[in-house]
Each structure stands twice: as C-alpha cells, then as structure tokens.
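In this chain, residues are counted from 1 in sequence order.
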Amino acid sequence: MAVAQSKQNQALDRIDKIRNIGISAHIDSGKTTLTERILFYTGKIHKIEEVKGKSGVGATMDSMDLEREKGITIQSAATFCEWKNHNINIIDTPGHVDFTIEVERALRVLDGAILVLCGVAGVQSQSITVDRQMKRYRVPRLAFVNKLDRQGANPFRVCEQLREKLGLHSVMYQIPIGLEDNHQGQVDLIRMKAYFYEGDNGEKVIEKEIPEEHLAKAQELRSKMIEGLADADDAIAEKYLEGQEISEDEIYAATRRAVIALKLVPVFCGSAYKNKGVQPLLDAVSHFLPNPKEMRNVALDIKKNEEEVVLDSDPDKPFVGLAFKLEDGRYGQLTYIRVYQGSLTKGDFIYNVARDTRVKVGRLVRMHSDKMVDIEGVQGGDIVALFGVDCFTGDTFCKEGTYLSMTSMFVPSPVVKLAVAPKDKSAAGNFSKALNRFSKEDPTFQVSLDEESNETLIAGMGELHLEIYVERLKREYNVECVTGMPQVAYRETITQGVDFDYTHKKQTGGQGQFAKVVGRFEPLPADSPEPYEFSDEIVGGRIPREYIPAVDKGFIEQLKKGSLIGFPVVNVKARLQDGAFHEVDSSEMAFRICAMAAFREFYPKASPVILEPIMKVEVESPEEFQGNVLGGLNQRRGMILSSQTDNNITTILAEVPLSEMFGYANDLRSMSQGKATFSMEFSRYSPVPKQKQEELVKKYQEQRAKEQK
C-alpha cells in the first residue's frame, strides 16, 4: 500500500513539473527563432540555425524542405526539453493564416502559450486571430515582445496595444535596458535585478544591479506592476491597499494564480535573434504557466447521454487521450496524442471511440521536430506520438470499457477552390493516395468531385495553402499537376421569406408516389451558428411522423446546390406547417423528392443573392508607397478600415473581396519596389454587388448550356 502511494506521489510530482506550451504569433514575429534559442539553451541542440540562414539547413523546427526554402512554418512541430527540472513540451505553430488549423489544433491540447509580438509592428492582424483562438480554448498565456534590436522597437507601446486591441490585462514584468542598436538586456521587475548576456550565443546570463540610469524607471514600473497584479488578485489587492510590503514569493504565487485564471498577461521582452531575454522567459514559463493538473479538461460520456466528465491527470485512472494531429512519416502514419488521464504503455490495447475500433499501441515516441525518441510509457499530461494507429484528427482514445469523447476543435470552412488533375494519367493512383492523406491530416483541406465537369477540386484557406499542397504532390508523390484558376467558394442565400405549397404526384402503373408539403422558407441572420434550420410545426397528423425526417433530408439535399450559380445555400430556415399524404402511395422517398422540388420551385421567389467571402487584409508598407497601396486596394473593391503610420511604416487595414485578391502579392511587390508585405484572413460572407451577381449568373448559365450540348 505504502509503495503504491509513493509511486502515485512521484507521478503527481512529475506532473507538477510538466509544461505543455505553444508558441504563437503573427507571421514573421520570430516564433521559430525563439523556439530555436529555447532548444539551444535547454541543451536540446548544440548549434543555432536561422530560419533563412546562409547554411541552407534551416531552423530545427522547420523540418520540411518547403519550410526552409520559403522561410515560413507550414506545419506545427512538436518537441520537448528540460529547463531547471521542468519538462517542457513545445509546439511551434505557423503564423500564416492559411495554416490556421495548425494553430487551432495545437491550442486545443496545450495548457499554456507564449504570444510573441514584434517590438516594432506590435499587435497585428494575425495576433488578433491567435488571441481569439487562445480565448476559445481558455489558454493562459505570457506575452513576449521580440525584436527589440530593430529600429522603432517600443515594448511599452506593444503592452498598451495588448490592452486596447485585444482587451487583455497586460502588465510589464520586465523593462528593456536600451533599445535598437543599444539593446543590452532586461530589468526583472520582481527581483529588481538586471540581466545581461555573454558568450557567443548569449548562453551566459549575467545578473547585476540595475544601472543607475534605469533605476528610477524600474521603480516606477515595479509599482505599476504590483498595482496591475492587485487588480487581478484579491490577496495582493488587500495588502496593496493597506500599504504593506509584498514579498517576491507572494508576487510569484499571485501572478501564477492570475495567469491561470486568465485575469493577467505578464509581458516580457528581448530579442531572440540577438540571444537576449530567452532564459528569463523560460523561467517565467516554469513559474507562471500551469501544469496539466491545473487545467480543467472535460470529456463527454457517450453511454450517459453525453454527460460531462472532468478528467484527472492521475495515472491510475482509465486512459483518455486525444489525437490532435496526423502525419504520414517514413514508417507509416504518425498520430500525435495528448494524454489527459491515466497512463499508456507500449503493447497496450486502446479503444477509438469515434470509429468503434480496438487498436494495439505498437510504438510510442516523443517527437523532436522530425526526429523521434522511443519511450516505454506515458502518463497524464504528456504529448507523444503513436505509430501504426489508423484514425482521424480529433478522435478520442480510451481504455477499453471507457466510452468518453473529447470535444473536437473548431474547423474553419475553406474559402478557395482549385481544379487539379495529374499531368500524367499513370500517376492517378499516387494522386488520389496523396489527396486522401492530405485531407485526413488537415481538416481545412477538402477534396471533392465536380459532378458536371468531372474535375477534382481541392479547397483550402487561401492561395498559399493550396499552392503548398500542389508542391507537396510533386515533391512527396512525384505527381506533376495541371491546375485551373483559383475559384472562390461563393455561397447563396435568400433575403426574404416565402410561403411554399407543393404537391408531388407520380403514377407509373404500379404503386405511385404522393406527397404534399406546405410551409415557409425564411432567411436566418448572417451570424447564425448553423447554416440551416428545420422547424417541424405539423399538428394533427397531417404528415405521419416517420415521413418528416425525409422532408428535412430533401431540403438539406437541395441546399447543396443553389440555382443561381450552383453553390451551397446558407442561412435558411425551413418551417414545415402542413401537408398531405396517401395511405398507399406515400413513402419516405416521395416526401424527400417533394421537399427538393418545393425548394427548387420557390427559391427564386425568395429574392436569392450570392454571398462572397470578404477578407481582412493588413498591408505594411514604407510611407512613401502609401498612396499606391491605398489606390490598389480601392481598385480591388476594398474598404479601408484604418491607416496609421509609425516610424515611416504605414499599416493599412482593409476588407477586400477574396475574388479581387488573386495575384495581389505580385502587384504589391511591383508598386512598392518589393518593400511592402501583406497578410489576409477570412472575415465574413457578404452579398456581392448587383452587377457582379448578374455577371456570375450569366457565366454559370453559359457554362451549363455548354455542358448540356
């Protein structure tokens, strides 16, 4: 008994020392550079490589050739390291919005995060998206203001932006010693010590007294820090109001409580590229971010009407884990799994709740980018990978006899489509194998067949997203592809209500078909959580209960393709109010066909419109090209939301229809001598202008006429 208790205590002590963290930010804020330094200082790697280094090797976490060539992160990569007796599992995520699902799935399984911000640009459009994702999964975070060695860097302004733009209670826990070319280190406002960095790669942290010229500023900001902490923690507030001295230990404990409760975001600063500020950030991860026991994780009990069950990291409880990422490696499918409860050992059998299958754990590994370390077993709180387990992203694994399911992650809908076909017909096998694998790995990458043109369509989050997959087809599967023009994922909707009354009657000698449906189609608000709603208002048995689901199915079937341009119809409520049936001739099939025909006939009377995806576009450009950039966005039907200039760099925020954004990268390059950059993300769907709608409808009708000849 005593031995068992001792083992359990050891396991729980170990969990106390685990930190599962993600590093997220706007594109090009320095996430991968920061991760590279973390791995170096924790002894995980022995040489620092840069994201776009001259060696061509690339950063450790950018393991794909494409990532190294383009200098961007495409796939989230997992690694693990140790810092001062703490085990840290890290996921480095992409900044580019086209790969937003990688951030989404990482945040779904992490206990904490570091939000990296550029010291010059501050809170950018993708920082806002990442913050929204962190809030969705209630992820505690620290902020790290990076690139303080760059001209125009100002961490105080960035801290202010965190409050104004993201609504976070951000408080400076460090201040820089010098900025731009003169950036030397930081002052720790808790311990009131200065940190400087020596050695070829800043590996030696030298602690000194605060330089005289920074002392007054440090004292002022320490008072502000305690004031900010008092706003987030009652125990500190009480002592602060009574004018009592607050010790370092009390500050550490209160900050930890406030961060985990999502009431505070401590702000740290430095320059990862210049090897300054990374080690104190690692200390902050250990001090302030939660261990797995401190996060509330919930599963649904399938056998008890999806009743909520709070999971516990206790290794003796039944095993529960979530597959959050799949990769097709050299040795077969690699399944990344977060263990929420219990323990898992090589050779164990586990149950896939979603697929109702039993699988054996053949090989367990810890990942270090694309390298792996074999392990014998894992416990609650760990992030590991399994080999040879067939599953999909978001599947829950449990101990046999346990029927719990984790809630899945949010998956945004694709906004761009592209017709693809293999150049060489003999490559068709590899082509379909690759597309099947990619769609299994990435829920935002979707494959479909256009029934009319018989073309294979791939859909994704943007041009770059699809371009990367076409390139991967070529490199990983040796399949050269012919691609069509990118196609916008339009939608159709109705703008006014319309009553419907339709009778379906068919007599063919034997048993006939009869069904009648009466009701009303109504538009739903644009921000409806579901694109379609069905309301059963039948009373008095006018339609037998067994036929009503068939009516619902008929409407759903017809909504897949609107009559304006053949795109899905959204934001429609169908109210079934009356109808009729025949004792012999009515059937489920008759009511389904009747519902489909009713929608087809009455849809044009509900003033249908075409909706197009509107993108939020952020352009950063030298001030001298501001006029050109604004003019270019206006030409593309853009609506300028804001424009501000700081240190001769103008940041323009606009909303532009996606259909107008194809080819923008080249145009922006030429109008700014290659000095401007832009990022865009999906914002919402909005009706297209009348003239544009007429053009699209005419084009669709011509295409149909051509296909029917």
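With rounding to the nearest 0.5 angstrom, the CD atom of E198 is 10.0 Å from the CD atom of E203. Considering NZ of K274 and OG1 of T33, their distance stands at 12.5 Å, rounded to 0.5 Å. Here the CG atom belonging to L115 is positioned 7.5 Å from the OG atom belonging to S24, to the nearest 0.5 angstrom. Here the straight-line distance linking atom CD1 of I175 with atom CZ of F268 works out to 13.5 Å at 0.5 Å rounding.
No salt bridge links E160 with K165; every basic N to acidic carboxylate O contact stays at or beyond 4.0 Å. With respect to the salt-bridge test (charged N to carboxylate O, under 4.0 angstrom), the residues K193 and E209 qualify.
Counting only heavy atoms from C-beta outward, the side chains of L221 and F156 approach each other to under 4.5 Å. Residues V617 and M661 meet the side-chain proximity criterion, which asks for heavy atoms closer than 4.5 Å. Considering only heavy atoms from C-beta on, K147 stays 4.5 Å or farther from S271 through its side chain. C269 has its side chain out of reach of F144: every pair of non-hydrogen atoms, C-beta onward, lies at least 4.5 Å apart.
Judged by distance alone, the side chains of E618 and T651 never bring a donor and an acceptor atom under 3.5 Å apart. Side-chain atoms of D149 and Y273 include no donor-acceptor pair closer than 3.5 Å. No donor-acceptor contact under 3.5 angstrom links the side chains of S621 and S672, judged on distance only. Q184 and N182 share a side-chain donor-acceptor pair at under 3.5 Å. Checked by atom type, the side-chain pair H465/D442 shows a donor-acceptor distance below 3.5 Å.
Heavy atoms only, all atoms of each residue included: G122 and V158 are closest at CA-CG2, 3.8 Å. Minimum heavy-atom separation, G460 to L466: N-CD2, 3.6 Å. Closest approach of I652 and S643 over heavy atoms only: CG1-OG, 3.9 Å. Between M295 and P140, the shortest heavy-atom contact is CE-CD, 3.7 Å. In terms of heavy atoms, L264 sits closest to A232 at CB-CB, 4.3 Å. Here the closest non-hydrogen pair linking P211 and F196 is CG-CZ, 4.1 Å.
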Derivation and outcome, salt bridge (Lys or Arg N to Asp or Glu O under 4.0 Å), residues R141 and D131: CA-CA 10 Å; R141 84 224 45 180; D131 174 68; 2.4 Å; yes
Walk me through it: do K44 and E82 pass the test salt bridge (Lys or Arg N to Asp or Glu O under 4.0 Å)? CA-CA 8 Å; K44 197 76 196 167; E82 277 190 31; over 6 Å; no
Steps toward salt bridge (Lys or Arg N to Asp or Glu O under 4.0 Å) verdict (R157, E164): CA-CA 10 Å; R157 188 185 70 236; E164 291 167 3; over 6 Å; no
For R338 and D111: C-alpha separation, side-chain torsions, deciding distance, then whether salt bridge (Lys or Arg N to Asp or Glu O under 4.0 Å) applies. CA-CA 11 Å; R338 161 73 199 260; D111 302 322; 3.0 Å; yes
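At most 12 heavy atoms of other shown residues, nucleotides or ligands fall within 6.0 angstrom of atom NZ in K224. Within a 6.0 Å radius of CZ in R138, other residues, nucleotides and ligands contribute 12 heavy atoms or fewer. Atom CD of Q244 has more than 12 neighbouring heavy atoms from other residues, nucleotides or ligands inside a 6.0 Å radius. Annotation for E213: atom CD counts as buried by contact number, over 12 foreign heavy atoms lying within 6.0 Å. Atom CD of E238 sits in a sparse spot, with 12 or fewer heavy atoms from other residues, nucleotides or ligands closer than 6.0 Å.
In this structure, N297 contributes its side chain and Y340 its backbone to no donor-acceptor pair below 3.5 Å. With R19 contributing its side chain and F288 its backbone, the two residues share no donor-acceptor pair below 3.5 Å. Checked by atom type and distance alone, the side chain of R684 never pairs as donor or acceptor with a backbone atom of P613 at under 3.5 Å. With hydrogens and angles disregarded, a donor-acceptor distance shorter than 3.5 Å links the side chain of H86 to the backbone of K84.
Cation-pi geometry between K616 and F682 is not met: the NZ or CZ atom fails to fall both under 6.0 Å from the ring centre and inside 45° of the normal. A cation-pi arrangement is present between R366 and F80 under the rule of less than 6.0 angstrom and at most 45 degrees off the ring axis.
Every residue two or more places apart in sequence or in another chain that forms a side-chain contact (heavy atoms from CB on, under 4.5 Å) with N275 is listed here: R37, Y41, I48, N201.
Listed by first and then second residue, the side-chain hydrogen bond (donor to acceptor under 3.5 Å, both in side chains) pairs that reach into residues 168-177 are Y173-T255, sequence neighbours excluded. Every pair passing salt bridge (charged side-chain N to carboxylate O under 4.0 Å, His left out) that includes a residue from residues 243-266 is listed here, sequence neighbours excluded: D233-R257, K239-E250, R256-E294.
Partner L142 forms a side-chain contact (heavy atoms from CB on, under 4.5 Å) with one of I21, V265, L289 and no other, that one being L289.
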